[in-house]
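Structure record follows, encoded as structure tokens.
Every chain is numbered from 1 and lettered A, B, ... according to where its sequence line falls, protein lines coming before strand lines. Bear in mind the structure is a predicted one, so any value in this text is a computation, not a measurement.
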There are 2 protein chains.
Amino acid sequence: MYREFVDINEALKFLKESIDLKRVTVIIAPCTVEYYGRGSSSLSLGERVILIKQDGALLIHRPTGYQPVNWQPATSSIEVKSGRGVIEITAVRNDPREVLVAKLSPPIKVLSCKLIDSAGFTKYLDESEVRDIILEHPEVLEDGLRIVEKEKVVGGLSVDLFGYDKNGNPVLIEVKRVRADREAVLQLFKYVEEYKKSSGVKPRGILVAPERSRGALELLKELGLEFKKVDLRKLWRLKAEEVEGGSRSILEFSRK
Amino acid sequence: MYREFVDINEALKFLKESIDLKRVTVIIAPCTVEYYGRGSSSLSLGERVILIKQDGALLIHRPTGYQPVNWQPATSSIEVKSGRGVIEITAVRNDPREVLVAKLSPPIKVLSCKLIDSAGFTKYLDESEVRDIILEHPEVLEDGLRIVEKEKVVGGLSVDLFGYDKNGNPVLIEVKRVRADREAVLQLFKYVEEYKKSSGVKPRGILVAPERSRGALELLKELGLEFKKVDLRKLWRLKAEEVEGGSRSILEFSRK
DNA sequence: TATTATATCTCGGGT
DNA sequence: ACCCGAGGTATAATA
């Protein structure tokens with residue numbers, strides 16, 4: 001249902017109903033926005049897209065860019081009122097306490113729909129999938145490597161993969177599916193330290209990723225850690241062979 | 001301008017025009033979405049909001065939640081075509097190479113507007129602001145602390161604040177405006193290590209934040225680092241006194 | 001261009 | 001409720 005308003009009170013009535021009935025509400029109107037909570041911001045008058053979702057999530061988008069300029073997550077409660085020639089939308093969230101106030105002026109365009117969407121969303125190639133492929137194919141890292149546990153808890157933290165090399169040394173493995181940077185190295189270092197502390201034995205630490213930054217390389221050296229480059233496409237092909245026709249999408253991707 | 005389409009070709013014509021003229025285009029329609037690039041995903045049929053912005057940013061939102069289920073940043077080029085009873089929107093981005101294909105079926109609702117928004121956006125209380133207040137008021141951390149540099153470069157990294165304590169020991173300070181976790185401690189640790197390496201002297205490392213996680217506390221102890229809790233409101237009040245009426249918004253916030 | 005660090009990050013999973 | 005880690009993170013600053 002689409003409506004366009006110049007009259008504030010008519011707009012108010014329609015917006016209230018749309019939000020109360022938990023419809024997806026898309027508004028295009030000139031507005032100002034104030035926010036305070038974890039941070040604080042002020043946005044002066046301009047035309048924006050305001051998207052209010054069925055669970056109360058609210059996003060305010062300027063005409064460009066990926067990110068909303070202001071927003072409130074789904075936990076917030078939304079109130080609409082009118083006064084002084086504007087519509088005031090107040091979205092409040094507790095824990096953390098955050099308040100967002102948008103003041104809309106005419107012309108106010110509103111598109112309001114109940115959306116039906118229970119479809120499945122499948123994501124391939126996330127980190128856990130890469131990890132599981134390595135778990136099944138430790139030979140891609142090195143010969144004789146035996147992986148005995150995934151998400152092994154070491155000092156309250158969980159290491160992606162844990163096992164022993166051909167000489168029986170414990171090995172901690174941190175897997176990244178994107179270029180590994182200093183942060184990734186530090187994460188591995190933390191696991192190695194925890195393991196050393198709790199077992200008394202210094203393990204090998206291997207960072208596994210398709211690439212690494214220059215800084216990561218230096219830090220690896222400094223901290224006595226190792227790096228093993230993996231080709232994600234090859235890993236996916238290994239997996240695709242396993243499922244053998246079970247997942248055409250993965251096969252398709254691996255050809256790209 | 002709002003239109004609703006059952007006929008594919010009419011919808012195609014309108015959408016093409018809207019996107020070519022670089023209007024903000026809001027579409028509500030049943031659709032499927034395929035994506036591959038850094039990752040890969042598949043979303044089956046359901047009703048969604050598709051937002052195409054004036055710079056080519058594209059977001060596909062399901063009826064709930066803050067995040068878009070699929071998207072393409074502003075760097076992408078967008079093509080629209082029709083066939084087999086659907087409208088196909090293809091958004092391609094290079095570097096990294098990523099492809100998103102959305103297939104829309106009727107009824108297709110489209111709201112198309114050129115938005116004018118050159119307004120200023122002001123953000124208060126970001127990390128750099130907190131850092132600068134501490135720079136001006138080192139006494140909030142400890143007596144006799146002398147801060148001599150901000151964003152000091154140590155081994156290619158830049159430390160938030162650098163100075164000397166009353167005994168002349170070098171001090172590296174990492175500032176967080178949210179609860180500090182293990183990541184923050186590791187970041188500070190990295191600076192301390194770099195400083196030690198390049199100067200041969202072990203500096204004190206102080207993590208400054210309004211709160212810290214339990215894990216952060218443990219890691220601080222292990223790595224021989226310190227923590228100093230700060231009250232953000234007090235800091236802002238210090239700043240507000242300085243500017244003395246210059247920024248009412250900050251004062252307002254500090255009362256909240 | 002590559003790297004680093006921030007974000008009102010959000011979100012999910014675990015304890 | 002807290003904590004941790006992933007994300008197709010995006011985005012800005014910096015070298």
* Is atom NZ of A/Lys152 surrounded by more than 12 heavy atoms (other residues, nucleotides or ligands) closer than 6.0 Å? -> yes
* Answer with base, sugar-phosphate or nothing: what part of the nucleic acid does B/Val69 contact at a heavy-atom distance below 4.0 Å? => nothing
* Asked: Among D/dA10, C/dT6, D/dG5, which is the nearest nucleotide to the side chain of A/Tyr191?
  -> D/dG5
* **Pair A/Gln54-B/Thr64, side-chain donor/acceptor within less than 3.5 Å** => no
* Asked: When the distance from CZ of B/Arg214 to P of C/dT15 is rounded to whole Å, what number comes out?
  -> 14 Å
* A/Val178, nearest nucleotide to its side chain (from C/dT3, D/dG8, D/dT9) -> D/dT9
* Asked: OP1 or OP2 of D/dA6 sitting under 4.0 Å from any side-chain N/O of A/Lys123?
  -> no
* Would you kindly give the CZ-to-P distance between A/Arg38 and C/dC9, to the nearest whole Å? => 4 Å
* To do: For A/Glu211, report the nucleic acid contact type (base, sugar-phosphate, nothing); a contact means any heavy atom under 4.0 Å.
  => nothing
* Could you verify whether a donor N or O on one side chain and an acceptor N or O on the other, from B/Ser42 and B/Glu34, lie under 3.5 Å apart? => yes
* Looking at D/dG8, D/dA6, C/dT4, which one has an atom nearest to any side-chain atom of B/Tyr35? -> D/dG8
* To do: Map A/Gln67 and A/Arg93 onto DNA chain C by nearest heavy atom, then report which one ends up closer to the 5' terminus.
  => A/Gln67
* Asked: With rounding to whole Å, what would you report as the distance between C/dT10 and C/dT6 at their C1' atoms?
  -> 14 Å
* Structure fact -> Separation of D/dA13 atom P from B/Lys150 atom NZ, nearest Å, is 13 Å
* Rounded off to whole Å, could you give me the CZ-to-P distance for the B/Arg177 and C/dA7 pair? => 5 Å
* To do: Please state whether the base of D/dG5 and the side chain of A/Glu127 form at least one donor-acceptor pair under 3.5 Å?
  => no
* Could you state the atom-to-atom distance from CD of B/Gln187 to P of C/dT3 in whole Å? => 17 Å
* To do: Determine the Euclidean distance between corresponding C1' atoms of D/dT9 and D/dG5; express it in Å to zero decimal places.
  => 13 Å
* **Length of the line joining B/Leu157:CG and C/dT4:P, which is rounded to integer Å** => 7 Å
* Under 4.0 Å between any heavy atoms, over every strand shown, what does B/Glu218 touch: base, sugar-phosphate, or nothing? Just pick one. => nothing
* For the pair made of CG in A/Leu59 and P in C/dA7, what is the distance, rounded to whole Å? -> 20 Å
* Side chains of A/Tyr36 and A/Glu98, donor plus acceptor under 3.5 Å -> no
* Asked: So what does B/Pro73 hit on the nucleic acid, given a heavy-atom distance under 4.0 Å: a base, only sugar-phosphate, or nothing?
  -> base
* Structure fact -> DNA chain D nearest-nucleotide lookup for B/Asp181 and A/Asp126: closer to the 5′ end is B/Asp181
* Can you check whether any acceptor in the base of C/dT8 is under 3.5 Å from a donor in the side chain of A/Asn70, or vice versa? => yes
* Indicate the ring-plane relationship of B/Phe189 and A/Phe189, choosing parallel, tilted or perpendicular according to the 30° and 60° boundaries. => parallel
* Asked: Distance between the C1' atoms of C/dA7 and D/dG7, in whole angstroms?
  -> 13 Å
* Structure fact -> Contacts of A/Asp95 and A/Ser158 projected onto DNA chain D by closest heavy atom; the upstream (5') one is A/Asp95
* Does A/Arg212 or A/Ala74 map to a spot on DNA chain C nearer the 5' end, using the closest nucleotide for each? -> A/Arg212
* Asked: Could you give the OH-to-P distance, from B/Tyr66 to C/dA7, as a whole number of Å?
  -> 14 Å
* Asked: Do A/Glu129 and A/Tyr124 have side-chain atoms, one donor and one acceptor, less than 3.5 Å apart?
  -> no
* **A/Lys190 side-chain proximity, nearest of D/dC4, D/dG5, D/dG8** => D/dG5
